Novice: 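Please read through the structure below; I'll follow up with questions.
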Amino acid sequence: MIPERQYRTPLFDALVSLAESRKISFHTPGHKSGKGISTRFRKFVGPKIFTIDLTTLDEVDCLQRPVGVIKEAQELAAEAYGADHSFFLINGTTVGNHAMILSTASPGDEILVARNAHKSILTGVILSGATPRFFPPVFDEGLGILLNVTGEQARDAMERHPNAKLLALTSPNYYGVAADLRAIVSEAKRRGILVLVDEAHGPHFHFHRSLPPSALDAGADICVQSTHKILGGMTQSSMLHLKGPDIEYPRVVRLLHLLQSTSPSYILMASLDLARMQMATEGEKLLGKAVDLAKDARDRVNRIPGLFCFGEAHLPEGAFTLDVTKLTICVKELGLSGFEASAILNAEFGIQVEMADLFNILVIVSIGDRKDDLDRLVGALHNLAGRAARPTNQRSIVSAKPPMGHRFHLPPRDAFFAPSEHLPLAKAEGRISSDIVTIYPPGIPVLVPGEEVGASTIHYLLSLASHGARIDGVLELDEPRIRVLCD
Ligand SMILES: Cc1ncc(COP(=O)(O)O)c(C=O)c1O
């Protein structure tokens, strides 16, 4: 039974009502409801959007100290997501991850971090001054991707670091592989460890039973979700949710004050208000359609010779669950890298995928997709697979496995701020990184400040770059250079 109030959209309604009142504005933003905006911009998007691009005013409340419609919109979000408190974020899950780490960890605290974390978790760690204790996720050799952490790996990490205060997980991962959060949370609770979940790719989980359980439903203390990645939020709009007594609510509020803009976009916040209403009132139906479309597409892709789109049955039994709306399509049997397949789909078929890696392309199916879109994708994949197989150029890479188990010399924050210099990546062996280096996407740190740069890391980064991956965290001059501590 959907509570009647979930149909309400207090923030959006207040914006529309203020826009329609046609009051004279002598305040920011300077375009004054679009009157001063560039004509080309207005012609393309239409005039209305600018009339709700407002600033903090009594009628539309204040994100930094909500007492009116933003407070109400956040309370409705908390109710819809089963949280005690929800916060609107206007700098994506990135700012949410920073707030999540900073509101639970203090300088010097030991924290457990699954090494499939996005770089924003690591930047939160740098800001906090905490000492991360990394533990590895499972790597799938066949697919060449990191899956997630198992209950056993998490338990082992908790055992080895009894002083750790909190456990930071990323679930689901980019490919939709979710950790067994229920088991991990119950183990962590038994030991008095807080559980933080970067749930950037799971804002829809709570609203459909055939998706993995959401972090909060699994008992996590705090989580952050990119509403914009999967649901109807505009780009950069995310939410942070708290549940239970173990997180200091005032500290989260304080941190968000510190980190978020004092000029939050009302368009982004309104999109969160509407996306919540949409999920609370018709999420099951909308997501059901996306799930069905994705299941059908997965079956059809798996009938194409040379392609493989894994389902839950492929995953180690009982260890993980899968968000079936993510289609990871392995193209390696075609003799193509994922990067090449992605480029062909884009250039020849006008199809843009979310991400490519060495062996795969990643397709997100969402509430915005229609059967025609998936038919087109499947048709293009048929075409791709039907071409004569080319000799693979992936042989120069021994494994797509990112190097793990680096030697740590000093905490990330100390390394980040220590005197450092740029060195060609190829010559950095044995030096200590002072930056986060990732392959982006997915943005999982290959190097963290304070870690020794190993030969295998250099080989991994350069090989992937030679196949078309983008290395993030290097200076691209004549050759990629990374920042390392001065000797
Ligand atoms: C797992 C994960 N966490 C956090 C982020 C950052 O999210 P946002 O882009 O909303 O800032 C990303 C972005 O891709 C991500 O994949």
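On a predicted model such as this, the values are computed, not experimentally measured, just so you know. Just so you know, residue 1 is the first one in the sequence shown, and it goes up from there. Note that ligands are numbered from 1 as they come in the structure, with each ligand's atoms numbered from 1 the same way.
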Novice: Applying a heavy-atom distance cut-off of 4.0 Å, which protein residues contact ligand 1?
Specialist: G92, T93, T94, N97, H118, S120, T170, Y174, D198, A200, H201, S226, H228, K229, S238, Y440

Novice: Answer yes or no: is there an ion pair linking E75 with K71, defined by an N-O contact shorter than 4.0 Å?
Specialist: yes

Novice: Kindly say whether the aromatic ring centers of Y174 and H118 come within a distance under 6.0 Å.
Specialist: no

Novice: Taking the six-membered ring of F359, is NZ or CZ of K332 closer than 6.0 Å to its centre and within 45° of its axis?
Specialist: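 Flagged: K332 positioned over aromatic ring of F359.
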
Novice: Kindly indicate, with the supporting measurements, whether the criterion side chain to side chain contact (heavy atoms under 4.5 Å, CB included) is fulfilled by Y175 and M355.
Specialist: CA-CA 10 Å; Y175 305 92; M355 171 171 77; 3.6 Å; yes

Novice: Just jot down the ring-ring contact (aromatic ring centres under 6.0 Å, His included) partners of F408, sequence neighbours excluded, or say none.
Specialist: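 For F408 the ring-ring contact (aromatic ring centres under 6.0 Å, His included) partners, ignoring immediate neighbours, are F134.
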
Novice: Identify the heavy atoms of I471 and L461 that sit nearest to each other, and give their distance.
Specialist: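 Minimum heavy-atom contact is CD1-O, 3.7 Å.
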
